[in-house]
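Have a look at the structure below before the remarks.
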Amino acid sequence: MAADKIIVFFDLETTGLDTAVCDIIQLAAVYRGRVFNEHTLPRRALTTSATQVTGFRVESDGLWCHGDRVMTIPLADLLTSFLAFLRSFRCPVVLAAHNAKRFDAPVLTRVLRQYSLLQEFQQVVSGFLDTFLLSKNLYRGLPGYSQQFLVSYFLGRSYNAHNAEDDAKMLQELYEAWTPGEMDVLRATFSANSLYFY
DNA sequence: TGCCAGGCCCTCTTTAGGGCCTT
């Protein structure tokens, strides 16, 4: 990966942990001061644990989060808007997320494929960077590698975890604090073309 | 009733199993 590669940090909030079937509720991405943040109404019910963790709830009149009404857009519009956001950079970019390999990347690419947008996505995204793998490679022997723990450990801060925008912003701050070498980043990066599809 | 995610990583391993990370 070139040292000047643009790394866009992103996060998903979904209806559950099963990457084969869960629906996206929120997609947020940040690059320096630029922010993408959209919500969509899921078709699938949230699992009990997802409701507890994220605070999202679907009612007859729409999406709510911790008692606040949340504006939503159709999933197709969310995806095309996200592609337009990515296209606004010097493409292709790298998309970074915590546990991207096992969660965010499989979910995102599955949904993009369902909307026949995967090929377009692969034109603007060269690969995924998994900051969970990166942190384990960089710092052996830590008592944990969850994003909340890492933020507390390296930045000395607590934050609003499970809000995708806050998670993406915190991940960017973590990465900037780590200043990993090019080889470290390469070891934790995988191609957008190498993902398994459902 | 019984099911309930799944794959990488580590080690008390390899003829295996449990912890971790994401929602």
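What you see is a predicted model; the values in this text were computed from it and never measured. First the proteins, then the strands, lettered A, B, ... as listed; each starts at 1.
- The distance from atom OG of A:Ser135 to atom CG of A:Asn99, rounded to the nearest 0.5 Å, is 9.5 Å.
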Close N or O pairs between protein and nucleotides 10-13 of chain B (under 3.5 Å):
{"from": "B:dC10", "atom 1": "OP1", "to": "A:Arg140", "atom 2": "NH1", "distance (Å)": "2.7"}

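- To the nearest angstrom, C1' of B:dG7 lies 13 Å from CZ of A:Phe190.
- In this structure, CG of A:Asp130 is placed 15 Å from P of B:dG7, rounded to the nearest angstrom.
- Taking the C1' atoms as reference points, B:dC12 lies 14 Å from B:dG19, given to the whole Å.
- Under a 3.5 Å cut-off, the side chain of A:Asp167 and the backbone N or O of A:His162 do form a donor-acceptor pair.
- Applying a 4.0 Å cut-off to non-hydrogen atoms, the residues of residues 142-153 of chain A that approach DNA chain B are A:Gly144, A:Tyr145, A:Ser146, A:Gln147, listed by residue number.
- Counting to the nearest Å, the C1' atom of B:dC9 and the CG atom of A:Leu133 are 10 Å from each other.
- Picking from B:dT23, B:dG7, B:dT22 the nucleotide with the shortest atom distance to the side chain of A:Asn99 gives B:dT22.
- Along DNA chain B, the nucleotide nearest A:Lys136 and the nucleotide nearest A:Thr47 are compared for position; the residue whose nucleotide lies closer to the 5' end is A:Lys136.
- Grouping Ile, Leu, Val, Met, Phe, Trp and Tyr residues whose side-chain heavy atoms lie under 4.5 Å apart, directly or via other members, places A:Ile25 in a hydrophobic cluster with A:Leu41, A:Leu46, A:Phe56, A:Val58, A:Leu63, A:Val70.
- One interatomic measurement links the two molecules: CG of A:Leu108 to P of B:dT23, which rounds to 14 Å at whole-angstrom precision.
- Evaluation of the salt bridge (Lys or Arg N to Asp or Glu O under 4.0 Å) rule for A:Arg157 yields A:Glu173 as partners, not counting sequence neighbours.
- A:Arg34 pairs by the side-chain hydrogen bond (donor to acceptor under 3.5 Å, both in side chains) definition with A:Ser88, not counting sequence neighbours.
- Going from atom CD1 of A:Ile73 over to atom OG1 of A:Thr40 covers 6.5 Å, rounded to the nearest 0.5 Å.
- Atom CZ of A:Phe132 is separated from atom C1' of B:dT23 by 15 Å (rounded to the nearest Å).
- Every residue two or more places apart in sequence or in another chain that forms a salt bridge (Lys or Arg N to Asp or Glu O under 4.0 Å) with A:Asp23 is listed here: A:Arg43.
- Among residues at least two apart or in separate chains, there is no salt bridge (Lys or Arg N to Asp or Glu O under 4.0 Å) pair with a member in residues 53-62 of chain A.
- For the C1' atoms, the distance linking B:dT1 with B:dG6 amounts to 24 Å, nearest Å.
- Across residues 66-76 of chain A, not one residue has a non-hydrogen atom less than 4.0 Å from an atom of DNA chain B.
- The side-chain hydrogen bond (donor to acceptor under 3.5 Å, both in side chains) test applied to A:Asn37 returns A:Gln26, A:Glu165, not counting sequence neighbours.
- Going from atom CZ of A:Arg187 over to atom C1' of B:dC8 covers 13 Å, rounded to whole Å.
- At whole-Å resolution of the value, CD1 in A:Ile24 and C1' in B:dT22 are 14 Å apart.
- Backbone-only contact: A:His98 has heavy atoms under 4.0 Å from sugar-phosphate atoms and none from a base.
- Across all strands shown, A:Thr14 has heavy atoms under 4.0 Å from sugar-phosphate atoms exclusively, and none from any base.
- Between the P atoms of B:dG18 and B:dT13, the separation comes to 13 Å (whole Å).
- Residues in residues 143-156 of chain A take part in these side-chain hydrogen bond (donor to acceptor under 3.5 Å, both in side chains) pairs, two or more places apart or across chains: A:Gln147-A:Tyr159.
- Of the candidate nucleotides B:dC9, B:dC21, B:dA5, B:dA5 has the atom nearest to the side chain of A:Asp18.
- The side chain of A:Arg102 sits closest to B:dC8 out of B:dC8, B:dT23, B:dC21.
- At whole-Å resolution of the value, CG in A:Leu17 and P in B:dG7 are 14 Å apart.
- Checked by atom type and distance alone, the side chain of A:Arg44 pairs as donor or acceptor with a backbone atom of A:Val21 at under 3.5 Å.
- Here A:Leu46 lies out of heavy-atom contact (under 4.0 Å) with every strand.
- Comparing the C1' positions of B:dG17 and B:dT23 gives a spacing of 25 Å, expressed to the nearest Å.
- No engagement by A:Asp104 is indicated, since no non-hydrogen atom pair under 4.0 Å with the nucleic acid exists.
- Hydrophobic clustering, defined by side-chain heavy atoms of Ile, Leu, Val, Met, Phe, Trp and Tyr closer than 4.5 Å, leaves A:Val53 isolated from every other such residue.
- Separation of the C1' atoms belonging to B:dC9 and B:dT14 is 14 Å when rounded to the nearest angstrom.
- Applying the salt bridge (Lys or Arg N to Asp or Glu O under 4.0 Å) rule to A:Arg87 yields the partners A:Glu120; only residues at least two apart in sequence or on another chain are considered.
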